Amino acid sequence: MFQFRFNIVLVELKMDLENYLLKNSKEEEISLIVKSLGDAAIKISNTIRSIKPQESISNNDRKLNSDGDIQKPLDIISDEILISFLEKSPAAGYASEEQEGCIDFKNNNNFIVFADPLDGSSNIDVNVSIGTIFSIMSKNNLPLEKAFIQNGSHQKSSGFFVYGPQTTLFITVGVGTSLFALDEKKGKFILVKDNITIPETTAEFAINAAYRRFWDSATLKYITECQNGENGPRKKNFGMRWVGSLVADASRIFNRGGIFLYPSDTREKYKNGRLRLTYEANPIAYLVEQANGEATDGHKNILNLEVNELHQRSPLIFGSKEEVLEYKKSYLYL
Ligand code: AHG
Ligand code: MN
Ligand code: MN
């Protein structure tokens, strides 16, 4: 009896992505799209690992290779890999950070895919975790351009792959958030943790503090109070972590809680934040909500924000519920 139970536990723990989708995803098309994204991520991961340091090819470092060809930046290569897998999947269309407009795969299928093919550009050349973020929505019978400006509440699945010490995947298909790790030998993503819950309280914040002079007074108030620790109004000490790759900072928050902040600031380019709503903030927000966390622009839930343009920016604050609430309060009591 004990042996029998033990075996069931092992089988559950070793569930791979395909079986997880079979069990949890209501739409076969979505399962097939996610499977293609997983295969694409394995190829991106291998490509990153096979690049020697002297061949580094980030976006601001274009060189000629030994054949005299222009080396393509890794974010473009990742975009091409995603397209090559998705065009063979049931996806109806694709939009990404690396494409001005959306790509029509010219079929009558139902679901569209958004992606940040490689997130964490400043970390590409320095061997720090980077990743691929994706979001899947129904086309809802809209013309493709219109389908790509639906708000985040229409997402059916979202996730991100992290290319770090391990290649991992955080994913939701609407029934909680789960963590998978790539088994390199089998070439499969294996379930590590189901029903992830972001702890409601935390004493860790993540923000690029070098921009302090550009922050609005609410952000300044919130962060100053955290920094003042147990002597300040928060009456507890905080620590700070900032990787500078959204995927890596999010990965930490899903594992042990925390609050991430990329607010709007007074720099002209970032007056509406830096991160992009459709392929960065929305997919992360969906995963966060499915894990009992909260994601806001400071005033409204990210998933309720209106989308006017595919590459629209948005402030993004997410993580442990209690801290996100505390941040929102700093706008109310100014
Ligand atoms: P991307 O590489 O796709 O352009 O995204 C980088 C993002 C995000 O990963 C990170 O949180 C943020 O930019 C860092 O911005 P700063 O360099 O302004 O801190
Ligand atoms: Mn990004
Ligand atoms: Mn990117």
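Order of appearance sets the numbers: ligands from 1, and atoms from 1 within every ligand. Numbers here simply count residues along the sequence, with the first being 1. A quick note: this is a predicted structure, and the numbers were derived from the prediction, not measured.
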Any idea which protein heavy atom is nearest [atom], and the distance to it?
atom                    : result
atom 15 (O) of ligand 1 : Y262 CE1, 3.4 Å
atom 13 (O) of ligand 1 : R274 NE, 3.0 Å
atom 19 (O) of ligand 1 : N208 ND2, 2.8 Å
atom 5 (O) of ligand 1  : D119 OD1, 3.1 Å
atom 4 (O) of ligand 1  : E97 OE2, 3.3 Å

| task | Validate the cation-pi geometry between K329 and Y331: distance from NZ or CZ to the six-membered ring centre under 6.0 Å, angle to the ring axis within 45°. | result | no

| With a cut-off of under 6.0 Å to the ring centre and 45° to the axis, is R313 in cation-pi contact with Y270? | no

For ligand 1, does [X] get within less than 4.0 Å through its side chain, its backbone, both, or neither, judged by non-hydrogen atoms?
X    : value
S245 : backbone
L246 : both
D249 : neither

Under 4.0 Å to a heavy atom of [X] - the qualifying atoms of ligand 1, by number:
X    : value
E280 : 3 (O), 5 (O)
L118 : 2 (O), 3 (O)
S121 : 1 (P), 2 (O), 4 (O)
D116 : 3 (O)

| request: Please determine if the Mn ion (ligand 3) has an N/O/S atom from P117 lying under 2.8 Å away. | output: no

Do [X] and [Y] have side-chain heavy atoms sitting under 4.5 Å apart?
X    : Y    : value
F114 : P283 : no
N272 : P315 : yes
R252 : R241 : yes

Does ligand 1 have an atom that lies less than 4.0 angstrom from a heavy atom of [X]?
X    : answer
R276 : no
L275 : yes
G244 : yes
N123 : no
Y211 : yes

Donor on one side chain, acceptor on other, [X] and [Y], under 3.5 Å:
X    : Y    : result
T202 : R256 : no
T219 : Y327 : yes
T132 : Y163 : yes
D79  : Y94  : yes
N140 : Q150 : yes

Does the pair [X]/[Y] count as a salt bridge with the N-to-O cut at 4.0 Å?
X    : Y    : value
K35  : D39  : yes
K235 : E225 : no
D183 : K185 : no

| remark: In E97, the N/O/S atom nearest the Mn ion (ligand 3) carries the name OE1

| query | Can an N, O or S atom be found in E280 less than 2.8 Å away from the Mn ion (ligand 2)? | reply | yes

| Once rounded to 10°, what is the value of the angle centred on the Mn ion (ligand 2) between D119 OD1 and D116 OD2? | 100°

